[in-house]
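Below: the structure, in structure tokens.
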Number of protein chains: 4
Amino acid sequence: METCKSSRREREKLRQRQDVLDVALQLFSDKGYPNVSMHEIAKEAEFAIGTLYKFFRNKEDLYKALIMQLSDRFYGAITEVIESDAPEIEKLRTYVRVKGELFRNNLAAIRLYFEETRGARFRVLAGTEREIRKRHQSVLLSLAAIFERGMNRKRFRRIVDPFHLALALDSMANAFLFHWIEDPQGNPYPENPDIILNILFKGLIGP
Amino acid sequence: METCKSSRREREKLRQRQDVLDVALQLFSDKGYPNVSMHEIAKEAEFAIGTLYKFFRNKEDLYKALIMQLSDRFYGAITEVIESDAPEIEKLRTYVRVKGELFRNNLAAIRLYFEETRGARFRVLAGTEREIRKRHQSVLLSLAAIFERGMNRKRFRRIVDPFHLALALDSMANAFLFHWIEDPQGNPYPENPDIILNILFKGLIGP
Amino acid sequence: METCKSSRREREKLRQRQDVLDVALQLFSDKGYPNVSMHEIAKEAEFAIGTLYKFFRNKEDLYKALIMQLSDRFYGAITEVIESDAPEIEKLRTYVRVKGELFRNNLAAIRLYFEETRGARFRVLAGTEREIRKRHQSVLLSLAAIFERGMNRKRFRRIVDPFHLALALDSMANAFLFHWIEDPQGNPYPENPDIILNILFKGLIGP
Amino acid sequence: METCKSSRREREKLRQRQDVLDVALQLFSDKGYPNVSMHEIAKEAEFAIGTLYKFFRNKEDLYKALIMQLSDRFYGAITEVIESDAPEIEKLRTYVRVKGELFRNNLAAIRLYFEETRGARFRVLAGTEREIRKRHQSVLLSLAAIFERGMNRKRFRRIVDPFHLALALDSMANAFLFHWIEDPQGNPYPENPDIILNILFKGLIGP
DNA sequence: CATGAATGAGTCTTCATTCAT
DNA sequence: GATGAATGAAGACTCATTCAT
């Protein structure tokens, strides 16, 4: 009974913490980290300001927790794809498709996440930033390994450095997705991952 | 004489304004927009705080002016390349090379610029943002036109939508350059633009 | 049986209340009243925060109770000495000795007590302060009476107003003790009460 | 002219700073350091809150500056007396009289000062506290030297350790003055310094 | 009856902006 | 026209206290 009670409490607390994170995600994504006050988050999440500080030591902490949670989610989904034992081409196709789905289903999160990843959020993310870069690097290396294996198995022509291919694939996927966000009609990416892969797979010049 | 005097005044004033912008660029890039105070800019630029407000209506205004000036510089250089009448392949190669040079020679500006362009500095840039996106879109369209013409002239195989190729080229250039910033040894891009073009030009699969 | 049970409860409750006071004394003395939170006291005393508010209406109340308890203890010990029927000189000597022992054995309490008595802890002690001053005054009057009686019995020369002597003795004892706290080597007071009495008893000038 | 202007500015600023210190002294003395907000000081001194932070880096800084200023004033006046070349007895008499005048003319300051000196103001005064104790110790040593010299010159009987006499004199003066503050009628000290000296000078027992 | 999660008033502090000199 | 002292709104965070469980 004790356990049950404490467990319910625990679950309840986690749920509330998540509520705060959800609200914070939306606000940070809409208005930017410095333009959102703790009071605003508290009000929107329907908690007293003091309660926020039960969940997170300070504003920065809340932000870091949010970013790391998003990173966990994205990195987890991507890693799952990459580590499957599908054939190389299939893996790449799935990678692009899953990435597209992540974008479509987590728009606010994506905006915030890339603001953090690309545009240096200064002083806010010491520590977290390193971890995120490490994960991104690890994804790139995994992609490079896929290309490498594909080359070894004569599935791909060994034309370019595999790591460069990884970098190219990743950046193209991002760019197509950002473009799709701005102009969903003009860019059918998330529906059709092959658009991106075609660019990589078929050479432009001859034969 | 009046004109001459006022003109000298005018020039003087513009020079001072530019001094402020230069200082602001460095500070914003180093510490991030919200972490730089108007006092800090004034002190670093050796102006009285009040004088800053003669040049710019407020902090946001100064920021927008800075971003637009950077955009002018980059957009100008890129446009020049694109609108030359060199052969298509040469144009693309020059585009990639010039972009690389812009990165190498304007690191602070680039960091700030991309923080703004990608990681949306929210609410800060209403208005300016639209103009910048328009310019970016225009560059993409020009690139697409180059691909299109190249296809018409049978220089390129008509495999992918030209606009998608433009998007791909642009994003790959950015990604390689960012990667080069983080790890200058591991990525020879700005020295050798062909790395990027190769990915696009030679197909991976196929004879 | 009811009485017995309720009495046990009562005793238990008093013991717990005392536990809280003991913890509070240590914390207040170590860190100062405003730097100790009710949560800290509760945690240290191993009670729920709500339970504290069963014992004391609020933080100020707890503080007042603590100060009054210390006052009771000190005042009680001092009064006992003063009201004994020893000879005057012996009484004064015992007074000084007992005061020294109180200091030595209740350092934390003494620090807190004097912070309150001398350096007025403003607004915190309305009401309590009056009572404490009354007690202090009463001790001074008793000491004065001892001097007075000593004079009547020709044990002391009637040179100075007895109340002034009381004031002098009390303040000297305090000063020597505070000095001893700061520099236990340089001041042998608590070991040797006569140091203080000598100053009072033997004149510097003459006969 | 430049110099004149800047000097006037300088003087003006110092006067304003002093205004703030005066207001702060009164408020801190009346209500205690933690019970006075920066807003309250600002309002009372008729400055905007931001202006306070031009004069003092933070609340603690303002407090330290205040305490040190008081210390300077008191310590200066006392030192002047002690270092004069009057006869020993005269010096001691002047010391007691000047101390009395300081109390009478600086009641608020005295309350605050002793709150700081005696009742440990925790964490607020790191650094400043050491300096103040040093000064107090130096005064005691000077007084002890006066007693010592008086003994050498056979003005005083060598009955007690001179430093102990210094401690005694200082503490008695404080005690009489505090008593006078509480009950100005019952204690004529500041009018008649000899009351205190008599206790020290004429032995109670003897001749 | 004990508990401790939740509350929110109140604190210190920063900094964009103004305006008298 | 330049200056920089003065302003005060707004934000992060603490902690005494309450009350539903």
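These numbers come from a predicted model, not from an experiment. Throughout, protein chains are lettered first and strands after them, A, B, ... in sequence-line order, and every chain is numbered starting at 1.
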Counter-base of E:dT11, judged by Watson-Crick or G-U geometry with both distances under 3.5 Å: F:dA12

Distance in angstrom units between A:Lys13 NZ and E:dA5 C1', rounded: 9 Å

Counter-base of F:dT21, judged by Watson-Crick or G-U geometry with both distances under 3.5 Å: E:dA2

Parallel, tilted or perpendicular, as decided by the 30° and 60° cut-offs, for the rings of B:Phe28 and B:Tyr33: tilted

Closest non-hydrogen atom pair between C:Val23 and C:Ile41, with its separation: CG1-O, 3.9 Å

Phosphate-side-chain proximity, A:Gln16 and E:dA5, N/O vs OP1/OP2 below 4.0 Å: no

Passing option when B:Leu66 is tested against B:Leu112, B:Val20, B:Thr128 for side-chain contact (heavy atoms from CB on, under 4.5 Å): B:Leu112

Cationic tip of D:Lys64 above D:Phe56 ring, under 6.0 Å, 45° of axis: no

Cation-aromatic face contact C:Lys54/C:Phe47, 6.0 Å, 45 degrees: no

Spacing of B:Lys43 atom NZ relative to F:dG4 atom P, expressed in whole Å: 12 Å

Whole angstrom value for the distance that separates P of F:dA5 from CG of B:Leu52: 16 Å

Length of the CZ-C1' vector between D:Phe55 and F:dG4, whole Å: 13 Å

Whole-Å distance separating the CD atom of A:Glu46 from the C1' atom of E:dG8: 16 Å

Nearest-Å distance for atom pair CD/C1', residues A:Glu12 and F:dA20: 13 Å

Cation-pi, B:Tyr53 ring and B:Lys59 (6.0 angstrom, 45 degrees): no

Annotated protein contacts, base or backbone, on nucleotides 11-17 of chain F with a non-hydrogen cut-off under 4.0 Å, one of B, S, - each: SSBBBSB

